[in-house]
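Have a look at the structure below, then the notes.
Order of the sequence lines sets the chain letters (A, B, ...), proteins ahead of strands, with each chain counted from 1.
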2 protein chains.
Amino acid sequence: MEQQYLSIQKISELTGISTYTLRYYEKNGLIHPITRAAGGRRQYSAGDLEWIRFLLRLRTTGMSIRQMQQAAHLRRQGPSTAKERRQLLEAHLESIKKQIEALQEHQDAIEDKIVVYKQWEEDYPLKEESK
Amino acid sequence: MEQQYLSIQKISELTGISTYTLRYYEKNGLIHPITRAAGGRRQYSAGDLEWIRFLLRLRTTGMSIRQMQQAAHLRRQGPSTAKERRQLLEAHLESIKKQIEALQEHQDAIEDKIVVYKQWEEDYPLKEESK
DNA sequence: CTACAACTTAGAGCGCGCTCTAAGTCAACT
DNA sequence: AGTTGACTTAGAGCGCGCTCTAAGTTGTAG
């Protein structure tokens with residue numbers, strides 16, 4: 001029999017989420033109750049890891065704890081919530097698209113500003129046209 | 001004589017930044033000391049407004065207060081800091097590009113997940129293949 | 001004349017998302 | 001037998017970026 005379960009420490013290393021935060025997420029329903037080994041130790045499955053990585057995706061794209069709670073809640077209801085989960089993700093996808101659009105616009109504006117500074121660099125140290 | 005100056009209230013309306021925050025930014029050096037009218041009231045110029053809008057750009061692209069302080073500080077030194085300012089912006093531009101890349105990757109992953117849910121929606125309510 | 005808006009300093013409070021401590025228990029490893 | 005790592009609950013603390021209050025002053029508009 002292979003040891004297919006992962007300790008909280010290992011999960012922490014694999015995901016970059018601290019053990020504190022992993023317990024905090026579980027306590028707050030972002031992660032379902034992880035099965036326990038003797039002595040009450042958490043043993044994470046590959047599926048658990050996958051879910052945590054998905055959470056990480058949501059988190060780094062700006063989803064709040066509250067919304068992640070909602071997503072996890074729906075997931076625990078089983079496949080009958082597929083539609084709601086899809087809708088939640090679609091809404092989040094929209095938000096990601098808007099973030100990207102906004103960032104691209106800002107990127108352009110900042111690139112323009114950089115061009116202005118480059119011009120100044122050429123002008124300033126040579127002549128005193130401080131205009 | 002035209003009234004070319006704007007009150008703090010007006011700036012707040014034009015930028016969406018509260019008057020509290022505008023004063024907070026000024027106190028913390030993100031905004032240079034605004035010229036005062038009789039009684040010490042701030043009168044913002046068009047240039048001030050422009051700078052505040054630029055700050056907003058930096059803020060919404062994830063720049064911290066500290067970095068914005070730095071940007072404002074360089075600006076107050078005059079055109080001789082053009083190079084440093086350019087470098088600061090270039091570094092920030094890099095960070096924006098990385099944000100966009102990461103978001104796009106997450107976008108793809110979430111789109112895939114949505115496809116999975118759509119499949120479930122077709123499968124689940126019809127048959128009991130809860131595999 | 002009276003509202004109202006703005007000003008000042010100094011500091012409290014808040015929501016978010018962790019992060020850590022305390023204090024005690026338990027089990028596996030060496 | 002001792003060390004290590006995990007566990008529990010409950011709660012404090014923190015960094016960030018505001019947000020607001022207090023309390024008193026002064027100027028402008030109707």
Side-chain angles (χ1 to χ4, degrees), chain A residues 1-45 48-49 52 54-72 92 95 99, chain B residues 1-45 48-49 52 54-72 92 95 99:
Chain A
M1 8 127 131
E2 336 96 58
Q3 166 59 29
Q4 54 187 318
Y5 289 108
L6 299 154
S7 69
I8 195 166
Q9 195 53 243
K10 203 81 192 104
I11 293 289
S12 174
E13 284 160 20
L14 290 171
T15 61
I17 301 175
S18 76
T19 57
Y20 295 127
T21 303
L22 285 168
R23 291 194 201 97
Y24 165 82
Y25 280 0
E26 189 176 332
K27 189 162 61 181
N28 288 282
L30 277 68
I31 299 173
H32 50 263
I34 298 297
T35 58
R36 307 307 167 103
R41 297 189 172 189
R42 286 168 182 82
Q43 34 185 29
Y44 293 82
S45 70
D48 294 338
L49 177 57
I52 292 165
F54 178 62
L55 275 187
L56 209 47
R57 219 180 254 300
L58 297 179
R59 188 179 81 171
T60 59
T61 48
M63 189 178 280
S64 69
I65 292 282
R66 253 174 172 44
Q67 288 174 100
M68 288 193 278
Q69 275 172 343
Q70 174 64 3
H92 188 57
S95 116
Q99 285 178 62
Chain B
M1 8 117 129
E2 334 97 60
Q3 166 59 32
Q4 54 188 318
Y5 290 107
L6 299 154
S7 69
I8 194 165
Q9 195 54 243
K10 204 80 195 106
I11 293 289
S12 174
E13 284 160 20
L14 290 172
T15 60
I17 300 175
S18 76
T19 57
Y20 294 127
T21 303
L22 285 168
R23 290 193 201 97
Y24 165 81
Y25 280 1
E26 189 176 331
K27 189 163 59 181
N28 288 283
L30 276 69
I31 298 172
H32 50 263
I34 297 297
T35 57
R36 307 307 168 103
R41 297 189 172 188
R42 287 168 182 82
Q43 33 186 31
Y44 293 82
S45 70
D48 295 338
L49 178 57
I52 292 164
F54 178 61
L55 274 187
L56 210 47
R57 218 178 255 300
L58 297 179
R59 187 179 83 171
T60 59
T61 48
M63 188 178 281
S64 69
I65 292 283
R66 253 174 171 43
Q67 289 174 100
M68 288 192 279
Q69 276 172 343
Q70 174 64 4
H92 188 57
S95 118
Q99 286 179 61

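- The distance from atom CG of B:N28 to atom P of D:dC18 is 10 Å, rounded to the nearest whole Å.
- Contact check, A:R42 against D:dA6: no side-chain N or O comes under 4.0 Å of OP1 or OP2.
- A:T60 contributes a side-chain N or O that, together with a main-chain N or O of A:L56, makes up a donor-acceptor pair within less than 3.5 Å.
- As rounded to whole Å, 8 Å separates atom P of D:dC18 from atom CD1 of B:I17.
- Each of A:H32, A:Q43, A:R42 was scored for a side chain to side chain donor-acceptor pair (under 3.5 Å) with A:D48, with one residue passing: A:H32.
- Judged purely by distance below 3.5 Å, without hydrogens or angles, the side chains of B:R41 and B:Y5 never pair a donor atom with an acceptor atom.
- Atom pair A:L22:CG and C:dC20:C1' shows a separation of 15 Å (rounding to whole Å applied).
- Contact annotation: A:R23 side-chain N/O to D:dC7 OP1/OP2 distance is under 4.0 Å.
- Between A:Q9 and D:dG5, a side-chain N or O to OP1/OP2 separation shorter than 4.0 Å is absent.
- The side chain of A:Y20 contributes no N or O atom lying less than 4.0 Å from OP1 or OP2 of C:dG17.
- Heavy-atom distances to DNA chain D give each of B:M68 and A:S7 a nearest nucleotide, and the one nearer the 5′ end belongs to A:S7.
- In this structure, A:K10 places its NZ atom 20 Å from P of D:dT4, rounding to the nearest Å.
- Each of C:dT19, C:dG17, D:dG27 was ranked by its minimum atom distance to the side chain of B:R41; first place goes to D:dG27.
- Atom CE of B:M63 is separated from atom C1' of D:dG17 by 16 Å (rounded to the nearest Å).
- Rounded to whole angstrom, the span from the CD1 atom of B:I34 across to the P atom of C:dA6 amounts to 15 Å.
- For the pair A:G40 and B:K27, both in contact range of DNA chain C, the more 5′-proximal nearest nucleotide belongs to B:K27.
- With rounding to whole Å, A:Q43 atom CD is found 14 Å from C:dA27 atom C1'.
- For A:R36 and C:dA27, the shortest distance from a side-chain N or O to OP1 or OP2 is not below 4.0 Å.
- Note on B:T21: a side-chain N or O is less than 4.0 Å away from OP1 or OP2 of D:dT19.
- Atoms CD (A:E26) and P (D:dA6) sit 14 Å apart, rounded to a whole Å.
- Taking 4.0 angstrom as the limit, A:R59 places a side-chain polar atom (N or O) nearer than this to OP1 or OP2 of C:dC18.
- Nearest to the side-chain atoms of B:Y24 among the listed nucleotides D:dC18, C:dA6, D:dG27 stands D:dC18.
- Under the 4.5 Å side-chain criterion, counting only non-hydrogen atoms from C-beta, A:K10 is in contact with A:L14.
- Side chain to side chain, A:Q9 and A:S12 fail the donor-acceptor criterion of an N or O pair below 3.5 Å.
- Within the nucleic acid shown, B:S64 comes within 4.0 Å of sugar-phosphate atoms alone, with no base atom in reach, counting heavy atoms only.
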